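To keep things clear, I will list the structure first and then write my remarks on it.
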Amino acid sequence: MRTATLGPAQRAESLAGMAERELDVLVVGAGVVGAGTALDAATRGLSTGLVEARDWASGTSSRSSKLIHGGLRYLEMLDFALVREALKERGLLLERLAPHLVKPVPFLYPLQHKGWERLYAGSGVALYDGMSMARGHGRGLPVHRHLTRRNALRVAPCLKKDALVGALQYYDAQMDDARYVATLVRTAASYGAKVANRARVTGFLREGERVVGARVQDVEAGGEYEVRAKQVVNATGVWTDDTQAMVGERGQFHVRASKGIHLVVPKDRIHSTTGLILRTEKSVLFVIPWGRHWIVGTTDTDWDLDKAHPAASSADIDYLLEHVNSVLAVPLTRDDVQGVYAGLRPLLAGESDATSKLSREHTVAHPVPGLVVVAGGKYTTYRVMAKDAVDAAVHGLDQRVAECVTEDVPLLGAEGYRALWNARARTAARTGLHVARVEHLLNRYGAMAEELLDLIGADPSLGEPLHAAEDYLRAEVVYAASHEGARHLDDVLTRRTRISIETFDRGTRSAREAAELMAPVLGWDKDQVEREIEHYRKRVEAERESQRQPDDLTADAARLGAPDIVPL
């Protein structure tokens, strides 16, 4: 298998190739489910295309809580099947499919009542661990443990003494969600899928009732392609109903958007060696370790405004600060917040008026011949959703098709990762990079870190960190544009890296350096470099303004003050 490179030339070739001959499967939407569907189809030997209107994971799949988890709270809802399925997937990702991207993370659950709460919560966590072990996919994580208040305060000194009488500590897993999707897309391309971002579906091709493909607009270079396919999969998440409307069919179910916002604060603002999980009146609140930062989230509120750029309001931020400060000895303030991001969960509607009670299960439907729709679900179970979507598409193909094999298909970078990790000190000595830099690259690219080291070998200046975002090397910006499909500055600062939420300036001080590194790869002239920088600054200004607004309506209006696509 070759390792696919997603540079400008490969994107153009993919679009032309999709229009050249009929595909078996065309997937619309490159979030985690769409990217997973493309990988599933390609590894079954089907000719596959994947198109995305904006960037990989630019919707929900880059704005999650960054957790791979079984859904501990779904045990309380007695949804054992969903938890069992998610725990199996968590184990596969940790142990086999993406050990370079998915890592264990500890959580402390403070107990506030003596006696009954420890028994009640402890039984739930014990069942959680037991279900994981029973499926043979729990070996990668330690089991839970009970802590006294004194021991809980040793691992989490940040907590108020009167906020707990004891605690439970258990483990789940986390990843960088946008990086995971970018790797998933490249893996699909390596198995033969033709992939293109900034390629918007404007309508479906029909023959009678049957969908036989889609009209795809090249948002970057202009022009429109007719991409014919035996089966089209609609994997557009919160846009599912909008996409369905293009065929005049609302579908057999509706997808409702629930907004969740997260705050990013520096590591030194919360003194703890473990993450936290706290109960709220509506759901749960996480404090999640994130490198040199913490992620605090999330909210769960209905959203029916702009889906492309959900906005966090001042009320959202106050809600999170109020709830996390209820247990912190040293409260967080607005000044502690480095970054804020908002995302939309695609929930299957119709079961309850409260979005926190809508289903996280997924549904696959075949509303008209030639069109499969997959929606709902959660990030952790994307592979199962993809399998079910391709299984449904296969029913419409007049050929024998192999069963799903993605349970045994590691993502790019997984093969050899552990051996390279063991040799990281030697790699550091060979390249002249600090061992911490080598570890950083291995945990973001796995075995593909060697490709970045080759870039640095050819141009040692790329081994230097970005001046205003020292966690990232200059080589990572170049690599994002040359190998990972980044087309704009926003793609790099927001999704290929997390500079937009990990620095107090939200990436504005890194914008020029990053744009000038991208320019030779993407063929930008000086005017385009300036447009990219100005566009990014306006985006940050609009987001900051939205976060000062009192409610969703005014926050949405403020966020829409920045234009979306940079003209070329």
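This is a predicted model, so every value here is computed, not measured.
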Cationic N near anionic O, under 4.0 Å, E85 to R90: no
Donor + acceptor pair across side chains of T380, H69 (<3.5 Å): no
R292 atom CZ, neighbour heavy-atom count above 12 within 6.0 Å: no
Check: Q217 main-chain N/O paired with T202 side-chain donor or acceptor under 3.5 Å: no
Side-chain donor-acceptor pair present, Y171, Y128, cut-off under 3.5 Å: no
Between CG on residue L263 and NE2 on residue H293, distance to nearest 0.5 Å: 14.0 Å
Test side-chain contact (heavy atoms from CB on, under 4.5 Å) applied to M385 and V364, step by step: CA-CA 8 Å; M385 296 175 68; V364 176; over 6 Å; no
For the student: nearest non-hydrogen atoms of V219 and A53, plus distance: CG2-O, 4.2 Å
Heavy-atom side-chain proximity of H254 to D241 below 4.5 angstrom: yes
Lys/Arg-Asp/Glu bridge criterion (N-O < 4.0 Å) met for K259, D300: no
Flag if over 12 foreign heavy atoms under 6.0 Å of CD, E403: no
Nearest-0.5 Å distance, OG of residue S62 to CZ of residue R496: 10.0 Å
Check against ring-ring contact (aromatic ring centres under 6.0 Å, His included), Y417 and Y445: CA-CA 9 Å; Y417 159 72; Y445 306 94; over 10 Å; no
Sub-4.5 Å side-chain heavy-atom contact between L276 and F107: no
K307 (side chain) donor-acceptor with W303 (main chain) under 3.5 angstrom: no
Check: E484 side chain, A486 main-chain N or O, donor-acceptor pair, under 3.5 Å: no
Minimum-distance pair of heavy atoms, taken over all atoms of K387 and D40: CA-OD2, 3.4 Å
Test side-chain contact (heavy atoms from CB on, under 4.5 Å) applied to T298 and R345, step by step: CA-CA 11 Å; T298 181; R345 303 175 192 87; 3.0 Å; yes
Nearest heavy atoms of E476 and Y472, plus distance in Å: OE2-CA, 3.4 Å
From CA spacing to verdict: side-chain contact (heavy atoms from CB on, under 4.5 Å), V390, V25: CA-CA 9 Å; V390 178; V25 177; 5.7 Å; no
Candidate pair D391 and R44, rule salt bridge (Lys or Arg N to Asp or Glu O under 4.0 Å), full reasoning: CA-CA 10 Å; D391 282 347; R44 295 194 201 198; 2.9 Å; yes
Pi-cation contact, Y341 with K66 (under 6.0 Å, within 45°): yes
CA sep, side-chain torsions, deciding dist, call: L23, R228, side-chain contact (heavy atoms from CB on, under 4.5 Å): CA-CA 6 Å; L23 300 168; R228 301 186 75 82; over 6 Å; no
For L411 against T187, the heavy-atom pair lying closest together: CA-OG1, 3.7 Å
Matching residue for L184 among V33, L412, L39 - test: side chain to side chain contact (heavy atoms under 4.5 Å, CB included): L39
Salt-bridge criterion met for R215 and E226 (N-O under 4.0 Å): no
Derivation of the side chain to side chain donor-acceptor pair (under 3.5 Å) call for E415 and H100: CA-CA 9 Å; E415 294 285 0; H100 55 313; over 6 Å; no
Ion pair R200/D218, N-O distance below 4.0 Å: no
Short side-chain to backbone donor-acceptor contact, E52 and N197, under 3.5 Å: no
Minimum side-chain heavy-atom gap V401-L46 below 4.5 Å: yes
Exam field: side chain H488 to backbone D490, donor-acceptor pair closer than 3.5 Å: no
R96 side-chain N/O to E407 backbone N/O, donor-acceptor pair under 3.5 Å: yes
Short side-chain donor-acceptor distance under 3.5 Å, Y109 and Q169: no
L285 side, atom CG; L320 side, atom CG - distance, nearest 0.5 Å: 6.0 Å
E20-Y225 side chain donor-acceptor pair, cut-off 3.5 Å: no
Gap between atom CE of M133 and atom CG of L87 - 0.5 Å precision: 11.0 Å
Sub-4.5 Å side-chain heavy-atom contact between V372 and V232: no
Student check: side-chain heavy atoms of L441 and L453 closer than 4.5 Å: yes
Heavy-atom pair with the smallest gap, counting every atom of L371 and Q244: CD2-OE1, 3.5 Å
Partner residues of D491 under the salt bridge (Lys or Arg N to Asp or Glu O under 4.0 Å) criterion, sequence neighbours left out: R198, R495
D55 and R487 ion-paired at < 4.0 Å: no
Shortest non-hydrogen separation from A375 to T240 and the atoms involved: CB-OG1, 4.0 Å
Quiz item: cation-pi between R418 and W421, 6.0 Å / 45°: no
pair P289-W294: side-chain heavy atoms closer than 4.5 Å: yes
Nearest-0.5 Å distance that lies between atom CZ in F204 and atom CG in N234: 5.5 Å
Any P346 side-chain heavy atom under 4.5 Å of T60 side chain: yes
D176 side, atom CG; N443 side, atom CG - distance, nearest 0.5 Å: 11.5 Å
Flag for T406-R383: side-chain donor and acceptor within less than 3.5 Å: yes
Validation row: Y379, S61 side chains within 4.5 angstrom (heavy atoms): yes
Verdict with supporting geometry, D177 and R498, salt bridge (Lys or Arg N to Asp or Glu O under 4.0 Å): CA-CA 11 Å; D177 48 8; R498 293 305 190 157; 2.4 Å; yes
Side-chain donor-acceptor pair present, W290, E502, cut-off under 3.5 Å: yes
Electrostatic pair D24:K230 at N-O distance under 4.0 angstrom: yes
Under 3.5 Å donor-acceptor, T427 side chain and A423 backbone: yes
Test item: side-chain donor near acceptor, D388 and H362, under 3.5 Å: yes
Pair T236, T243: side-chain N/O donor-acceptor within cut-off below 3.5 Å: yes
R186 versus T3, side-chain donor and acceptor atoms under 3.5 Å: no
